[in-house]
There are 2 protein chains.
Amino acid sequence: MATIPRVVRELIEAFERLPGIGPKSAQRLTYYLLHAPKEEAEKLAVSAMALKENTVLCQTCFNISESDPCEIDTDSGRDKSLIAVVEDPLDVLALEKANFKGLYHVLHGVISPLDNIGPEELYIRQILPRLKTGEVSEIIIATNPTMEGEATAMYIERLIKPLGIKTTRIARGLPVGGDLEYADETTLSRALEGRKEY
Amino acid sequence: MATIPRVVRELIEAFERLPGIGPKSAQRLTYYLLHAPKEEAEKLAVSAMALKENTVLCQTCFNISESDPCEIDTDSGRDKSLIAVVEDPLDVLALEKANFKGLYHVLHGVISPLDNIGPEELYIRQILPRLKTGEVSEIIIATNPTMEGEATAMYIERLIKPLGIKTTRIARGLPVGGDLEYADETTLSRALEGRKEY
């Protein structure tokens, strides 16, 4: 439209391209920034610009980091016998908040034949050299409990099995604070399967 | 947290400050940009940076524009006898899409005593000089049909009345494609009040 300044239109388009942001939200965000103090738009701009330049993939765990090897891998206070395999860096954040003290291995996705993503598109094989030092005693496969996550977990389990290292899968069951009545059947049957004796 | 690169944390914080974006969405957007092509983050950065520098407030209609006076005010094809008073620039967009061909006057807010916003905080009085040329024959008050929007509309109506210029209010009623059954009482009673003969 001729009535929107070009730069406003461009920012709306940039926001629209982000996941979960539709045309209306993109407009709202843009006009919010127009009214907000200049520093706010600048902060967004500067950090978006620096994002790629100031981050690297740690070549050990493939988490996004400021340095390679990353802070977690070089932290002597962490339990190096335990590696949690996760789908993406957000899962590292989630596990950190849950006080996990081991190391990570970030796959950057899941096996998904429908999206043309096979094991070779992910950082799966890269875990093998890490297991040869003899330091690792357990691999916790913490991919999401989705169909793709389960398939990826199974693939990794088979890959690691010949090495004789213990592999475990995070528990699936009712979320804490959840309600039996509202749980779906699969979750419930998993919760039953995974029951434990007092 | 020590485990997130500083620049990632900063972008998450910048996103979080935007309206309607919570901590989880801010994380998701940031990690999306980490995986997206570099150009995408750059486009967002460049347009956010240019946003304030390349836009001005038109000193006639107070719409956000690339030039002052703005494109709409200088467009000879528009009906200069009609001014729609709107709350903010997004409303100009909406009316443009609805094919409104007159001029605009953007208030940049509504009167809201609870938020300490009185008429002096808005661009209300600035409409008066525009009405003295004798070119304008009708003011359409198109503030939102909310409590604040109605109060602001009433204030403007009283301000303009002494000038003898016709003031109208956009119709309130059932939205097109809406359902009587799901309309709230106020909307329904407005729709009844505003009924028209065939």
Side-chain angles (χ1 to χ4, degrees), chain A residues 1-15 17-21 24-25 27-38 40-56 63-67 70-72 75 88-90 92-93 96-97 104 108-109, chain B residues 1-15 17-21 24-25 27-38 40-56 63-67 70-72 75 88-90 92-93 96-97 104 108-109:
Chain A
M1 243 174 300
T3 50
I4 319 182
R6 194 181 50 81
V7 57
V8 174
R9 201 172 50 234
E10 277 171 4
L11 186 57
I12 293 177
E13 282 166 7
F15 274 129
R17 235 172 279 121
L18 298 176
I21 296 189
K24 285 272 168 192
S25 309
Q27 283 179 16
R28 207 166 33 84
L29 294 175
T30 303
Y31 281 93
Y32 167 80
L33 283 180
L34 273 169
H35 285 112
K38 201 177 179 216
E40 206 157 320
E42 271 175 6
K43 223 165 194 169
L44 181 69
V46 169
S47 35
M49 196 60 109
L51 188 65
K52 296 266 180 159
E53 278 153 32
N54 296 358
T55 54
V56 289
N63 191 12
I64 285 158
S65 169
E66 279 174 283
S67 56
C70 71
E71 270 180 63
I72 295 179
D75 181 351
D88 58 56
L90 282 180
V92 172
L93 279 193
E96 284 293 297
K97 283 188 191 144
Y104 296 96
H108 287 270
Chain B
M1 242 175 300
T3 50
I4 318 182
R6 193 180 50 80
V7 57
V8 174
R9 200 172 51 231
E10 277 170 6
L11 186 58
I12 292 177
E13 282 166 8
F15 274 129
R17 234 172 280 122
L18 299 176
I21 296 189
K24 285 273 168 191
S25 309
Q27 284 180 16
R28 207 166 33 83
L29 293 174
T30 302
Y31 281 93
Y32 167 79
L33 282 180
L34 273 168
H35 285 112
K38 200 175 179 216
E40 205 157 320
E42 268 175 13
K43 223 165 194 166
L44 181 69
V46 169
S47 35
M49 196 60 111
L51 188 64
K52 296 264 180 160
E53 278 153 32
N54 296 358
T55 54
V56 289
N63 191 11
I64 284 158
S65 169
E66 278 174 286
S67 56
C70 72
E71 270 180 64
I72 295 179
D75 182 350
D88 59 55
L90 282 181
V92 173
L93 279 193
E96 284 294 297
K97 284 189 192 146
Y104 296 97
H108 287 270

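Convention: sequence-line order gives letters A, B, ...; per-chain numbering from 1. For clarity, every value in this text was computed on a predicted model and none was experimentally measured.
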**Request:** Could you have a look at B:Ala14, B:Ser47, B:Gly20, B:Ala41 and say which one has the most heavy-atom pairs with chain A under 4.5 angstrom?
**Result:** B:Ser47

**Prompt:** Tell me, do A:Met49 and B:Met49 make a side-chain contact under 4.5 Å, heavy atoms counted?
**Reply:** no

**Prompt:** Side chain, backbone, both or neither: which part of B:Lys38 has a heavy atom under 4.5 Å from chain A?
**Reply:** both

**Leading residue by heavy atom contact count with chain B [cutoff under 4.5 Å; candidates A:Thr55, A:Leu18, A:Asp75, A:Leu34]** = A:Leu34

**Request:** Output the distance between atom OH (A:Tyr32) and atom CG (B:Asp88), rounded to the nearest 0.5 Å.
**Result:** 14.5 Å

**Message:** Using a 4.5 angstrom heavy-atom cutoff, name the option from B:Lys43, B:Glu53, B:Gln27 with the most pairs to chain A.
**Reply:** B:Gln27

**Complete:** Most contact-rich option vs chain A, by heavy-atom pairs under 4.5 angstrom, among B:Ile12, B:Leu33, B:Asn54, is B:Leu33

**Asked** Could you give the distance from CD1 (A:Ile21) to CD1 (B:Ile21), rounded to the nearest 0.5 Å?
**Response** 4.5 Å

**Request:** May I ask you to name which of B:Pro19, B:Ser67, B:Ala50, B:Ala36 has the most heavy-atom pairs under 4.5 Å with chain A?
**Result:** B:Pro19

**Message:** Using side-chain heavy atoms (C-beta onward) and a distance below 4.5 Å, is B:Thr30 in contact with A:Leu90?
**Reply:** no

**Message:** Below 4.5 Å, heavy-atom pairs only: which of A:Glu10, A:Glu42, A:Glu40, A:Glu13 has the largest tally toward chain B?
**Reply:** A:Glu40

